[in-house]
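Structure first, commentary second.
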Amino acid sequence: MQSIVMNKSTRKKQIANLAAWTLAWVLSTALVVFGNEFLWAGSQWLTGLALLLNVLLGIGMILSNRRFVEGSDELEKKIQLESMGLTLGLTLVAGIAYSMMDVTNLIPMDAEISLLVMFMGICYIVATLLNNRRYR
Amino acid sequence: MKNSIRILRAEKNWTQEDLAGAIGVSRQTINAIEKEKFDPSLPTAFRISRLFGKPIEDIFRFEG
């Protein structure tokens, strides 16, 4: 039987690459917030530089994610697309509701975007797990 | 869509992993196609057809 295509080591490299970009982006986010507070005591120039690094790493993470999805096979792509679509919809609905709860003072604190990002991450993980199970 | 991939694969004594490697998809994809939970793309259907040396319509049946 002829043997072809899917190179597992390339796939592993793509996953490792995406993990590395994501970790670098998360760490740079922490650098902007904590660096401004503890490392360079409010220097706007350094904060701007850290923010620029954060944005550049974010772009790298997006491109790496694109390569990861392009390297997936057709079922994996379908699972990713369904998970991303569900995450987008849930985040939009929950985000607007959360924001309105803040505006109408239904909640005693300000609506924090970090909570929405956590919600988005959890939705994506759960949706991917459920979709993987569905096609098992 | 119904298909006879599991039978054809068994006749050749191939594992899902063998078939997946031969047509360039994951084992999970072959499993989902065999269980008829997922319809393959046209290029994948053609690769399967070529690999088993049978016309597509002999392997896949549309039941709408």
Side-chain angles (χ1 to χ4, degrees), chain A residues 1-23 61-90 120-136, chain B:
Chain A
M1 183 172 58
Q2 65 188 98
S3 177
I4 49 166
V5 201
M6 193 168 264
N7 186 332
K8 281 186 181 173
S9 71
T10 307
R11 188 69 180 146
K12 276 185 184 169
K13 273 183 200 161
Q14 279 177 342
I15 293 169
N17 188 274
L18 177 59
W21 276 106
T22 307
L23 182 66
M61 179 180 69
I62 292 167
L63 293 176
S64 176
N65 195 33
R66 195 175 101 175
R67 280 193 297 275
F68 168 76
V69 174
E70 279 173 355
S72 303
D73 82 346
E74 53 199 77
L75 179 60
E76 288 165 342
K77 275 183 187 158
K78 185 180 166 71
I79 289 171
Q80 290 291 327
L81 183 68
E82 286 179 2
S83 303
M84 285 178 192
L86 187 62
T87 302
L88 178 67
L90 285 171
M120 194 181 218
I122 291 166
C123 279
Y124 179 67
I125 290 168
V126 172
T128 306
L129 288 173
L130 289 177
N131 277 325
N132 264 301
R133 204 169 153 180
R134 202 170 117 202
Y135 292 109
R136 198 183 292 160
Chain B
M1 198 153 61
K2 302 280 177 193
N3 69 75
S4 52
I5 293 175
R6 189 186 292 273
I7 298 161
L8 293 169
R9 185 173 60 75
E11 283 172 0
K12 301 246 180 206
N13 211 17
W14 291 343
T15 63
Q16 287 185 339
E17 194 78 49
D18 293 334
L19 181 56
I23 60 169
V25 296
S26 64
R27 193 204 58 78
Q28 187 190 10
T29 299
I30 295 297
N31 188 49
I33 294 171
E34 283 188 357
K35 286 187 172 175
E36 291 160 0
K37 289 180 175 178
F38 174 69
D39 293 333
S41 65
L42 209 48
T44 299
F46 270 106
R47 282 192 205 106
I48 291 170
S49 151
R50 193 184 304 159
L51 190 69
F52 287 117
K54 285 179 179 288
I56 285 187
E57 58 270 28
D58 282 4
I59 302 174
F60 297 97
R61 288 188 318 281
F62 179 69
E63 295 189 356

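All values derive from a computational prediction rather than experimental measurement. Order of the sequence lines sets the chain letters (A, B, ...), proteins ahead of strands, with each chain counted from 1.
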Would you mind checking which part of B:Pro43 comes under 4.5 Å of any heavy atom in chain A, side chain (CB onward), backbone (N, CA, C, O), both or neither?
neither
Minimum heavy-atom distance between A:Glu76 and B:Ser26, given as atom pair plus value:
OE2-CB, 4.1 Å
Closest non-hydrogen atom pair between A:Arg136 and B:Lys35, with its separation:
O-NZ, 3.6 Å
What distance do A:Lys78 atom NZ and B:Thr29 atom OG1 have between them, rounded to the nearest 0.5 Å?
11.5 Å
Do you know which of B:Asn31, B:Ile33, B:Thr44 has the most heavy-atom pairs with chain A at a distance under 4.5 angstrom?
B:Thr44
Can you establish whether the number of heavy atoms outside B:Lys54 located under 6.0 Å from its atom NZ is more than 12?
no
Quick check on B:Lys12 against chain A: is it the side chain, the backbone, both or neither that has a heavy atom closer than 4.5 Å?
neither
Please indicate whether A:Lys77 has more than 12 foreign heavy atoms, meaning atoms of other residues, nucleotides or ligands, lying under 6.0 Å from its NZ.
yes
With no hydrogens and no angle check, just 3.5 Å: does a side-chain donor-acceptor pair link A:Asp73 and B:Gln28?
no
